[in-house]
Amino acid sequence: MNDLAGKHIVLGLTGGIACYKAAELCRALIKEGATVQVVMTEAAEQFITPVSMQALSNRPVYGSQWDAREPNNMPHINLSREADAILIAPCSADFMAKLLHGRSDDLLSLMCLARPIDKVPLLIAPAMNREMWAHPATQRNLTQLQADGATLLGVGSGFQACGETGDGRMLEPLELLEDVIAFFQPKVLAGHHVLVTAGPTYEAIDPVRGITNLSSGKMGFAIARAAHEAGARVTLVAGPVSLATPRGVTRINVKSAQNMLEAVVEYARDASVFIATAAVADWRPANAADQKIKKDGSGKTPQLSFVENPDILATLAQSERGKRGLTGQGEGLFCVGFAAESENLLANAQTKRLSKGVPMLVGNIGPATFGQDDNALLVLSEQGVQEFERASKLELARKLVASCAYATKDKA
Ligand code: C5P
């Protein structure tokens, strides 16, 4: 995908060993369609050379406020006026302190101060030793920088170059990339709590065997990511899948349909949108054995009997809050179901929307999408039918999130 197509990012590097990660970040931003202008402080040049950054960004690197390459000799003005965002990664403790005071004795800090504050966002990815990070001065500076309009992209935790372990590492390049992409998405679900189910469920037969299905969870994970990008608080109740949790999303792992129902009921209490993408098993073994069922050599096979699982979506849709959410207005829960069909998509999805009692139902052809990275959707609601042509699951998820935002727009 080209999620940053048309975006011009000024990537500022300050002094810290995490500069080595900035090289990969620069590549990742460009791969996603952005153009990148690198600006480095003198301290950053101790860690990585401008030559490396020029080669990766395919543009000359700027380091001095006296750079005579600019006809007006004002690189701080020219560079900041062109930017869609300034991203400081790594941002040292010293540079944060400098930004806070509006000091501007080098090109990068001068450019941050000179940026049109309402048009050019400043994103910072701090990187420092854990003691420096935890120091009240740093935390105080951070709070003030955010109050002054900067966006903090957070820090990672773990082994640090100094040999200590704790908070303060710069986020990994791909984490920062995900955050930058999210930053540019419209915040159409700000103020909402979105609850998503995803993946298969696992219904135990005995302690080592069970019944599950081939759902990959990819559509639900993409929806959770898109809802987070759109500014919502997101809880993702996931069946057993090994997908990475989207950044900023709270993930609750569950196994069986009953576990999933319990988690959903709990987190739905203050949710305003519920999107059920999970492929929940319709039945579970009536009595899961406590111990592994052994073959006894007689050739006799175990007799399994089943009971029906609760319908999580229908339970929530028919709850008091679910009913109040039917119109998308007021304090209710707006429920969105999925239907995986193999034929007659429109007719089957229409029937399912009514039988589940949900305001919105998303139809897709199951066999054409299981495990794939793309899909095509039919979105049915009171307002009619929308067709989302084949695209990546993330693109479709963003469109679906926009439809939910539209349907609930007076709610947040
Ligand atoms: O009834 P069917 O499984 O075709 O319905 C699919 C929709 O209902 C999906 O949104 C799925 O997540 C949800 N569902 C559920 N609990 C079930 C079965 C399906 O939430 N037990």
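Judged purely by atom type and a 3.5 angstrom limit, T138 has no side-chain atom pairing as donor or acceptor with the backbone of A134. The main-chain N or O of E229 is found under 3.5 Å from a side-chain atom of K187 such that the two form a donor-acceptor pair. Panel note: side chain T14, backbone P90; a donor-acceptor pair is recorded below 3.5 Å. The closest donor-acceptor contact from the side chain of T408 to the backbone of C404 lies under 3.5 Å. Under a 3.5 Å cut-off, the side chain of E42 and the backbone N or O of G63 do not form any donor-acceptor pair. Within the 3.5 Å criterion, the main-chain N or O of T197 finds a donor-acceptor partner in the side chain of T277.
Here the CD-OG1 distance, from Q46 to T41, works out to 9.5 Å after rounding to the nearest 0.5 Å. Rounded to the nearest 0.5 angstrom, E172 CD and L25 CG are separated by 11.0 Å.
Counting only N and O atoms by type, the side chains of T351 and N348 include no donor and acceptor under 3.5 Å apart. Remark: the R115 side chain and the S80 side chain contain no N/O donor-acceptor pair separated by less than 3.5 Å. Side-chain contact of T201 with E203: a donor-acceptor pair under 3.5 Å is present, judged by distance alone.
Heavy-atom minimum distance, K7 versus F184: CE-CD2, 3.5 Å.
Judged as a salt bridge (charged side-chain N to carboxylate O under 4.0 Å, His left out), the pairs with a partner in residues 332-350 (not counting sequence neighbours) are, in order, E341-K352.
A cation-pi geometry, defined here as NZ or CZ lying under 6.0 Å from the six-membered ring centre and within 45° of its normal, holds between R69 and Y62.
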